[in-house]
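These notes concern the structure reproduced below.
Below, chains carry the letters A, B, ... as their sequence lines are ordered, and counting in each starts from 1.
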Amino acid sequence: MSTASESPTSEPQHAFRYSGALAQEIEPRWQDWWDAHGTFHTANPSGPLGDPAVVDQPKLFVLDMFPYPSGTGLHVGHPLGFIGTDVFSRFKRMTGHNVLYTMGFDAFGLPAEQFAVQTGQHPAITTAENVANMRRQLRRIGLSHDPRRSIDTTDPAYYRWTQWIFSQIFNAWYDSDRKTARPIGELVDEFAAGTRATPDGRTWAELSASEQADVLDGHRLAYISEAPVNWCPGLGTVVANEEVTADGRSDRGNFPVFKRNMRQWMMRITAYADRLVDDLDLLDWTDSIKAMQRNWIGRSEGARVDFGSPAGPITVFTTRPDTLFGASFMVLAPEHPLVDALTVPEQAATVAEYRRVAGAKSDVARQVDDKTKTGVFTGSYATNPINGEQIPVWIADYVLMGYGTGAIMAVPCGDERDFEFARQFGLPIPAIQQPPASWFDAAGIEPTLDTAAWPEAFVGDAPYVNSANDSLDLNGISDVTTGTRRTNDWLEAHGCGEATVNYKLRDWLFSRQRYWGEPFPIVYDETGHAHTLPDELLPLELPPTDSFSPRTFDPDDAMSNPESPLDRLDWWTTVELDLGDGPKRYRRDTNVMPQWAGSCWYELRYCDPTNENAFIDPEVEAYWMGPQGEGHPGGVDLYVGGVEHAVLHLLYARFWHKVLYDLGHLSSKEPYHRLFNQGYILAAAFKDEREIYVDAFGVEEHDGQFTYQGKPVTREWGKMGKSLKNAVAPDDIYEAYGADTLRLYEMAMGPLDASRPWETRDVVGMYRFLQRVWRNLIDEDTGALRADLPALDDATDRVLHRTIDGVRADMEAMRFNTAIAKLIELNNALTKLGGCPREIGEHVVLMLAPLAPHMAEELWRLLGHDDTVTYESFPVADPAKLVDDTIELPVQINGKVRSRITVAADADAATVEAAALADGKVQASLAGATPKKVVVVPGRTVSLVV
RNA sequence: GCCCGAGUGGCGGAAUGGCAGACGCAGCGGACUCAAAAUCCGCCGAUUGAAAGAUCGUGUGGGUUCGAGUCCCACCUCGGGCACCA
């Protein structure tokens with residue numbers, strides 16, 4: 001061991017005091033030792049990483065969300081979750097679990113590509129450098145990853161299987177009767193056998209090969225469609241709905257996004273909408289994340305209703321079919337295909353102008369505009385099927401083409417938007433429900449069915465009125481559920497509608513016009529039909545090129561067109577292949593997959609990273625991912641990450657997982673059984689008068705006023721990061737204190753799921769704690785175990801066991817902050833005692849091991865052990881030492897604590913009551929009065945009521 | 001507007017309905033030292049009191065309870081998500 005040199009936080013006279021410098025020596029030494037000994041290698045039940053013995057151990061799969069290997073490296077905010085999972089994994093190893101814990105890199109995608117474009121280097125080179133740098137930084141924190149299982153999405157050995165999974169999805173269709181994905185070949189069989197009708201009724205054999213291909217393409221789970229997509233000229237690519245922010249800009253780069261019809265790859269995630277909602281019930285996720293997913297999928301139950309019109313039936317979707325009697329007009333989206341046919345000549349100019357204005361408005365403009373209703377009459381009337389009334393058909397941009405059928409029946413008395421529209425344009429508002437008196441009271445008007453007096457629409461349960469025809473009578477019914485059911489039955493019986501379910505979720509736009517992503521394993525034949533490459537031709541590697549930079553455009557140039565970098569590579573885009581009918585020329589797909597593809601299945605590859613025959617061995621999958629008993633969906637045991645992936649990654653990954661499950665490749669229905677959202681580390685950020693962030697470390701504070709270079713700045717709190725100029729590098733903390741101190745500080749700041757502000761000056765508290773632990777066991781002058789350790793007394797022994805009991809429970813529940821507090825209390829007691837009795841030393845080191853593993857290894861070695869502390873058993877409290885002979889109880893009189901009594905721990909209620917009444921202070925407080933009531937809570941309190 | 005989540009000392013935070021403020025930071029006092037640092041010991045919600053103590057105190061207002069930071073109702077503030085989704 002080298003001698004600790006002077007550091008800013010230590011003094012030279014104690015050569016073996018635990019200092020930043022000593023930590024800098026101990027920590028890398030143990031990190032090297034762990035690597036050399038393969039300490040964190042985790043065995044599979046079989047296969048190349050196999051050891052059948054592990055099957056006897058309970059398994060635990062702990063997963064962190066896949067990080068981007070950013071070019072700027074880590075700041076102290078990044079590893080918060082990683083440290084949490086590491087502490088938990090280390091604890092679980094000490095309780096006998098076989099723990100799968102590793103880390104990979106989501107290295108494809110925009111950030112990596114943009115960094116490469118900035119530096120002018122090929123993304124493969126910058127990615128490799130960034131990954132190496134991040135691995136180094138993560139290793140320095142002492143994370144106990146199995147390095148053999150680490151993966152990188154840009155590695156052809158990995159994306160070979162991403163492409164293979166794409167092929168599986170492409171070659172599958174969704175059988176909505178059986179509610180499962182099936183191989184496309186089985187659909188061909190059904191068509192060929194005539195058990196499934198073709199779209200136009202001809203037999204399968206009568207269709208040409210090209211027509212057959214068209215039919216199949218219409219069923220595939222991955223398909224090409226010409227549909228409105230989000231075109232982002234500033235990025236030069238299309239992006240998914242989930243990547244567009246509420247104000248119509250791109251998630252990355254914050255560029256405007258335009259709706260454009262384009263030919264793009266889509267994933268039929270809508271086929272899984274129901275299962276994605278329903279299976280949330282099987283998951284141990286927070287309610288808020290579940291709510292966000294439900295909200296995004298947006299399932300609403302209602303009915304489809306056909307209204308007759310001069311242009312043929314207009315179909316609407318409504319969640320309130322029970323209000324059909326109140327439908328007094330219809331509204332179509334301006335883009336609705338029937339608008340032309342419905343528009344009468346006198347209205348043509350007005351309608352055309354309205355459509356032009358509406359069409360020119362971007363989504364941004366539509367949302368920025370105030371919500372004042374606009375619209376125009378088409379001149380046509382439709383027939384309300386339930387009462388035969390002729391109602392006017394309008395168009396208005398408050399009806400969205402992208403939701404439902406792009407047309408609504410307007411029930412102004414029961415829908416706030418329709419009410420506003422009717423008021424705006426003087427359309428009739430017939431009342432069909434009798435709102436309760438309380439509703440009129442709240443509105444400050446007398447009860448009336450004259451809606452001219454109503455201030456707003458009435459929404460909710462109330463008796464129906466004016467709601468009857470010859471064969472349906474809702475009048476008198478007073479709940480929406482019954483009204484809806486009756487109406488749905490009537491609609492179905494009369495052939496003008498049926499109950500149905502509608503979703504906000506749209507299919508997933510899956511292609512990007514970029515370079516740095518997985519190429520599609522797809523070629524097109526001379527008729528333009530897509531074929532997957534045979535599996536043996538995978539991976540289809542990204543072609544090398546210097547022009548990897550995508551063509552970007554003026555961010556506001558809505559009419560620009562995407563140009564994929566791969567399109568420019570003529571030598572690559574055409575290829576001669578034999579796909580079963582002789583060698584032919586094919587054209588490659590020149591899109592790449594979106595960022596999310598690689599992270600849709602990475603947890604599976606962690607399980608079986610070296611498998612060259614399958615993306616995962618079924619036996620290995622069943623072991624790590626399989627259901628844990630009846631009703632359990634399977635999936636990783638603990639998944640920790642930020643809340644920002646609530647609807648992107650988590651929805652896509654669940655979808656892919658379900659497809660793979662349906663196709664028989666997996667035993668687990670869900671990828672992530674338990675999800676834990678860690679908080680963020682916040683840091684103060686400062687803005688000058690121009691609203692520009694200034695270097696947070698140059699800001700001075702005087703009397704609560706902040707200044708930067710003499711000028712006043714304002715403080716705010718935000719996620720630590722480069723853009724707020726407030727990032728603290730972990731390296732600075734290691735140098736001053738070591739990684740163990742950083743780990744403890746991050747865990748002690750608060751509960752893992754809460755965001756908390758970083759305070760560099762607070763870090764020293766955990767450093768002092770580690771120094772005291774060290775000092776209690778180690779002679780600071782010689783570095784040897786202290787020879788003068790005190791003897792163990794009964795009271796200290798009890799403190800130890802109470803600590804063990806509490807720390808174990810806290811660790812189990814991931815309450816690392818309170819576990820640390822209990823360890824500090826124990827250590828403070830030892831300091832008072834003058835040192836750590838030998839009998840306690842090992843327990844202290846073992847309890848510290850998950851939190852501060854480097855110091856724990858070092859002390860474990862000094863305590864005379866010659867192997868790692870990693871797999872030692874976590875201490876178990878002796879129950880006999882958890883109970884005291886006597887306890888002190890507070891005595892409350894009328895709810896106020898007036899005295900404390902000491903009684904035997906097992907004293908019965910009568911004894912406790914007698915002791916309380918006999919107490920001098922209690923008697924003084926009672927002043928001779930007799931309590932009316934005495935409540936004795938054993939072991940807790942005595943409460944007297946006078 | 002709708003749906004989540006959170007409001008506790010100067011700061012981060014702790015408290016199965018049972019002694020509010022564990023633990024850490026900052027601050028104050030003491031020991032050690034020629035001195036300082038480090039270390040060790042103690043104090044550290046507010047008001048009041050010489051002290052013992054007393055009174056108040058967990059965003060606000062009600063309620064349930066012998067007893068509420070914790071449960072219920074209403075409201076305020078902050079954070080997050082969704083947002084003309086029929």
For nucleotides 25-32 of chain B, list the nitrogen or oxygen atoms of the protein found under 3.5 Å from its nitrogen or oxygen atoms, one pair per line.
from  : atom 1 : to     : atom 2 : distance (Å)
B:C25 : OP1    : A:R768 : NH1    : 2.6
B:C25 : O2'    : A:D762 : OD1    : 2.6
B:A26 : OP2    : A:R768 : NH1    : 3.4

Scan nucleotides 78-80 of chain B against the protein and return all N/O pairs shorter than 3.5 Å with their distances rounded to 0.1 Å.
none

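Residue A:R294 is out of contact with every strand shown, counting any heavy-atom pair closer than 4.0 Å. Note on A:R775: only backbone sugar-phosphate atoms sit closer than 4.0 angstrom, heavy atoms only; bases stay farther off. Using a 4.0 Å heavy-atom distance criterion, A:T941 is classed as a base contact. In this structure, A:T286 reaches neither bases nor backbone, as no heavy-atom distance under 4.0 Å exists between it and the strands shown.
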In B/S/- notation (B base, S sugar-phosphate only, - none; protein heavy atoms under 4.0 Å), nucleotides 52-67 of chain B written 5' to 3' is --SSS---------B-

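Along RNA chain B, the nucleotide closest to A:R815 and the one closest to A:G406 are compared, and the more 5′ of them pairs with A:R815.
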What would the secondary structure line of RNA chain B be in dot-bracket form, counting Watson-Crick and G-U wobble pairs under 3.5 Å, with [ ] for pairs that cross earlier ones and | for pairs with another strand? (((((((..(((.....[....))).(((((.......))))).((((....))))..(((((..]....))))))))))))....

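If you take CD of A:Q293 and P of B:C4, they are 17 Å apart, rounded to a whole angstrom.
Residues satisfying the side-chain contact (heavy atoms from CB on, under 4.5 Å) test with A:H649, not counting sequence neighbours, are A:W596, A:S599, A:Y602, A:Y639, A:H645, A:A653, A:Y672.
Contact annotation: A:N295 side-chain N/O to B:C2 OP1/OP2 distance is not under 4.0 Å.
Of the residues in residues 817-826 of chain A, those with a non-hydrogen atom less than 4.0 angstrom from any atom of RNA chain B are A:N817, A:T818, A:A821, A:I824, A:E825.
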